[in-house]
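The next block holds one structure in the form of structure tokens; read it before the comments.
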Amino acid sequence: MRKLISTGSPFEKAAGYSRAVVQGDWCFVSGTTGYDYATMSMPETVEAQTRNCLATIAKALQDGGFEMADVVRAHHYITDAAFVDIVFPILGEAFGDIRPAATMIVCQLNKPEMKIEIEVTALKRTT
């Protein structure tokens with residue numbers, strides 16, 4: 001069964017996407033930027049943006065019946081190579097024990113205020 005997860009962000013409706021899609025034992029979380037969706041504001045620092053990305057992703061996973069520990073794949077997009085050493089420790093806090101397969105790419109993002117975008121794929125763990 002397919003379940004669509006939303007943060008209530010106006011971007012989701014405008015661009016026609018879901019924050020996450022649950023299909024069976026899989027959860028696919030869309031690229032998530034550092035917006036605070038409660039205030040629709042973007043922090044200035046890459047550190048704060050990274051923490052917001054991770055909080056939004058954790059909430060989407062939880063809403064879909066998953067946990068961060070279920071993440072098997074992560075893609076990280078940053079706008080400046082200088083951010084690598086800044087975000088690595090924050091990503092390590094979130095994923096250090098989980099250790100999903102991961103990729104980091106330096107690129108441009110959709111808006112100039114965006115410094116990082118993260119997308120993940122999760123698979124429900126079996127006991």
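The stretch residues 96-107 participates, sequence neighbours left out, in these side chain to side chain donor-acceptor pair (under 3.5 Å) pairs: R73-T103. Listed by first and then second residue, the salt bridge (charged side-chain N to carboxylate O under 4.0 Å, His left out) pairs involving residues 6-16 are E12-R19 (not counting sequence neighbours). Applying the salt bridge (charged side-chain N to carboxylate O under 4.0 Å, His left out) definition to pairs two or more places apart or across chains, those involving residues 84-96 are R51-E93.
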- Task: Apply side chain to side chain contact (heavy atoms under 4.5 Å, CB included) to the pair V71 and L61, showing each step before the final yes or no.
- Result: CA-CA 9 Å; V71 173; L61 288 168; 3.8 Å; yes
- Determine, step by step, whether M42 and T33 satisfy the side chain to side chain contact (heavy atoms under 4.5 Å, CB included) criterion, reporting the C-alpha distance in whole Å, the side-chain angles of both residues, the deciding distance to 0.1 Å, and the verdict. CA-CA 9 Å; M42 177 70 81; T33 60; 4.2 Å; yes
- Task: Show your working on side chain to side chain contact (heavy atoms under 4.5 Å, CB included) between I105 and I78 and close with a plain yes or no.
- Result: CA-CA 6 Å; I105 298 171; I78 56 175; over 6 Å; no
- Determine, step by step, whether C53 and I116 satisfy the side chain to side chain contact (heavy atoms under 4.5 Å, CB included) criterion, reporting the C-alpha distance in whole Å, the side-chain angles of both residues, the deciding distance to 0.1 Å, and the verdict. CA-CA 8 Å; C53 291; I116 186 166; 3.9 Å; yes
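In this structure, the ring pair (Phe, Tyr, Trp, His ring centres under 6.0 Å) partners of Y35, at least two apart in sequence or on a different chain, are F11. The side-chain hydrogen bond (donor to acceptor under 3.5 Å, both in side chains) check on S9 picks up nothing, with sequence neighbours excluded. Evaluation of the side-chain contact (heavy atoms from CB on, under 4.5 Å) rule for V21 yields R2, L4, S18 as partners, not counting sequence neighbours. Applying the side-chain hydrogen bond (donor to acceptor under 3.5 Å, both in side chains) criterion to K124, with sequence neighbours excluded, gives no partner residue. E119 pairs by the side-chain hydrogen bond (donor to acceptor under 3.5 Å, both in side chains) definition with Y77, not counting sequence neighbours. For K59, the salt bridge (charged side-chain N to carboxylate O under 4.0 Å, His left out) criterion is met by D63, not counting sequence neighbours. For the side-chain contact (heavy atoms from CB on, under 4.5 Å) test, residues two or more places apart in sequence or in another chain that qualify with D70 are F66, E67, A122, R125. In this structure A94 satisfies the side-chain contact (heavy atoms from CB on, under 4.5 Å) test together with L54, M68, sequence neighbours excluded. Applying the side-chain contact (heavy atoms from CB on, under 4.5 Å) test to T45 and every residue at least two apart in sequence or in another chain returns E47, A48.
A donor-acceptor pair under 3.5 Å is absent between the side-chain atoms of E117 and the main chain of S30, judged by distance alone.
Hydrophobic clustering of Ile, Leu, Val, Met, Phe, Trp and Tyr side chains at less than 4.5 Å, counting indirect connections, keeps W26 apart from V120. No continuous path of hydrophobic side-chain contacts links F28 to I5 [ILVMFWY only; heavy atoms under 4.5 Å]. Note on F83: it does not cluster hydrophobically with L109, by side-chain heavy-atom contacts below 4.5 Å among ILVMFWY residues.
Rounding to the nearest 0.5 Å gives a distance of 12.5 Å between CE of M114 and CD of Q108. In this structure, CD1 in I98 is found 11.0 Å from CG in L91, a value given to the nearest 0.5 Å.
Residues F88 and T50 fail the side-chain proximity criterion, which asks for heavy atoms closer than 4.5 Å. Counting only heavy atoms from C-beta outward, the side chains of I57 and I118 approach each other to under 4.5 Å.
Minimum interatomic distance between S41 and P43 (heavy atoms only, all atoms of both residues): O-CD, 3.9 Å. Here the closest non-hydrogen pair linking V22 and C27 is CG2-SG, 3.9 Å.
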